[in-house]
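Working notes, beginning with the structure itself.
The chains referred to below are lettered A, B, ... by the order of the sequence lines, with proteins before strands, and numbering in each begins at 1. Just so it is clear, the model here is predicted, and its values are computed rather than measured.
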Amino acid sequence: MAKRIDVSDLNVYYGQFKAVEGVTMTVEPRSVTAFIGPSGCGKSTFLRTLNRMHEVIPGGRVEGKVLLDDQDLYASDVDPVAVRRTIGMVFQRPNPFPTMSIYDNVAAGLRLNGVKGRKKLDEVVEKSLRGANLWNEVKDRLNKPGAGLSGGQQQRLCIARAIAVEPQVLLMDEPCSALDPISTLAIEDLINDLKSQYTIVIVTHNMQQAARVSDRTAFFNLAATGKPGKLVEIDDTHRIFNNPSVKATEDYISGRFG
Amino acid sequence: MTTDTRVGSTSPGPVLPALGNPSRSRTIRDQVARVVMWLAFLVAVVPLVWILWTVVSHGGHLLMESQWWTNSQRGITSRRAGGGAVHAIQGTLIQAAVTALIAVPIAVMTAIYLVEYGRGKFAKAVSFMVDILTGIPSIVAALFIYAVWVTTFGFQRVGFAVSLALVLLMIPVVVRSTEEMLKLVPNELREASYALGVPKWKTIAKVVLPTAFSGIVTGILLGLARVMGETAPLLILGPYTKSIATNLFSGYMPTLPTMINQDRTELGQPAAVERMWGAALTLILLILLLNIAGRLVARFGSVKK
């Protein structure tokens, strides 16, 4: 199910402004890749180009190639809606649909894409909620509103919603930054479980988190505000944290930055 | 050394000025501001209470009679008491319903265009037009429809023409309120839906509109309440008649505002004057009901808490 992503020479723009420049990297299947770097260096922006969410923003566009296995996501005959069905996303702040129950939130991706049949939906909802480690907490109140859960539960609900459509890749944009340490731990455990089936890319500001959950880490940096962000290096997480090949990475990780 | 902060303390030393009573000038300014605000409040409220009191005391007893809600004014001369307002209530409700039926889809879709799709010059132009439409006096809207409906096409003055004029007045109100409600829907919900591979139109239909639903309905009901009290289009396009008339495309259609106006012209007749107040109170009640309905929808909206 999981697929590899190959990015080559990608530039990302907001209108005329070049936000990220010249990224080339490979994201391995069935592994966790973490993006770290200072605020404003374009990690999230770059992450959003991997499922064509970037172009939802007016003026958002890219140059370069993103290959999912051998398919170019930005080829002219590719439907961005289909790309997003294949590459799911979890956001920084939990965003369950406020008009929907827990059940409906998880089923939303399938229902809105035309899947019907109560039995099929029941199965997917249970499987996804189990997959997100939330089933035991909510199985008796599936018809209660999703917005009534705690922040950490809401985020796991959003993960369940994302995996319900069985994506090939799961992108996570600082999924724990709005959560307390206990909920964070729950999400990190979940990421560990999920990586046996999915290719996961996670943006995080928490370097301990990157060290704990990821197999590979990419460090992004920018020369100065107003300049585009760049990929400094990507390597095995162990190497990045112990013996990085670029000095800027070491400075950032050891807190001697800037 | 202790610092004495009691009122009137004379002990020297603290950095802050003495924590005693506020200075005299501040007390006076406080009192003046209080009085001015109370006066402003009274100026605003007194006329309102006065109007309500006048309307209720003159017309209230008519509404207690069952014939008010069942009979029309057919065959009742201005000298005689009796009869009801059901013809006018029906007319007002029918015209309002038709107005809403036409105006709401146009207005809601315009608002969706402006918030979800509109970029660049065309959207700015549309938004500007809506602003202009908001500022059009109701009599101008009525004259415009008269010019089109009667002068150009040669049709009769009928209930439907009134509704068309009211549509012109209702659209900008509903566009603006719907726009505000759609803007309140967090962008994160749209993104969450896109990230599930849901197309944009479906995101709007199944996520954005349900989230904003109660706000949109409230706006519609308040807009409707506003146009229901409009009188200029009725005077120009919807002459009064004393009988029940439910055909929108043929004959005159009586409404509450025109009933009020009709009975106003018979000021010498006490019975007619009473009816005028009764019709006024009925109109106020209808609009009040719509307002309450709007607020109920807002409270028990679709967003689950």
Looking at A:Met89, A:Gln92, A:Arg93, which one has more heavy-atom pairs under 4.5 Å with chain B than the rest?
->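 Answer, by heavy-atom pair count under 4.5 Å with chain B: A:Arg93.
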Which one of A:Asn113, A:Val56, A:Val90 has the most heavy-atom pairs closer than 4.5 Å to chain B?
->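 When all of A:Asn113, A:Val56, A:Val90 are compared, A:Asn113 has the most.
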Side chains of A:Thr45 and A:Tyr14: do they bring a donor and an acceptor to under 3.5 Å?
->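 Yes, a side-chain donor-acceptor pair sits under 3.5 Å.
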State the [atom1]-[atom2] distance between [X] and [Y], to the nearest 0.5 angstrom.
X: A:Ile202; Y: A:Leu171; atom1: CD1; atom2: CG; value: 11.0 Å
X: A:Glu188; Y: A:Asp193; atom1: CD; atom2: CG; value: 12.0 Å
X: A:Ile159; Y: A:Gln154; atom1: CD1; atom2: CD; value: 12.5 Å
X: B:Gln95; Y: B:Leu256; atom1: CD; atom2: CG; value: 10.5 Å

Is any residue of residues 108-142 of chain B within less than 4.5 Å of chain A by heavy atoms, and which ones?
->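 Listed by number, the contacting residues are B:Arg119.
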Given that the side chain runs from C-beta out, which part of B:Thr203 has a heavy atom under 4.5 Å from chain A: side chain, backbone, both or neither?
->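 Neither part.
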Do A:Arg161's NZ or CZ and the ring of A:Tyr103 fall within the cation-pi criteria of under 6.0 Å and 45°?
->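 No; the conditions do not both hold, so A:Arg161 does not lie above the ring face of A:Tyr103.
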Which pair of non-hydrogen atoms, one from A:Leu10 and one from A:Val62, has the smallest distance, and what is that distance?
->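 Nearest pair, atom of A:Leu10 first, then A:Val62: CD1-CB, 4.3 Å.
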Where on [X] is there a heavy atom nearer than 4.5 Å to chain B: the side chain, the backbone, both, or neither?
X: A:Phe97; answer: both
X: A:Leu110; answer: neither
X: A:Pro96; answer: backbone

Go through the steps to decide whether A:Phe46 and A:His54 satisfy the test ring pair (Phe, Tyr, Trp, His ring centres under 6.0 Å), and finish with yes or no.
-> CA-CA 8 Å; A:Phe46 174 67; A:His54 175 64; over 10 Å; no
Identified side-chain contact (heavy atoms from CB on, under 4.5 Å) counterpart of B:Leu222 within the set B:Val173, B:Leu290, B:Val217, B:Asn291 |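 That would be B:Asn291.
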Heavy-atom pairs under 4.5 Å with chain A are the metric here; pick the option from B:Pro186, B:Ala205, B:Ser193 that has the most.
->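 Winner by heavy-atom pair count: B:Ser193.
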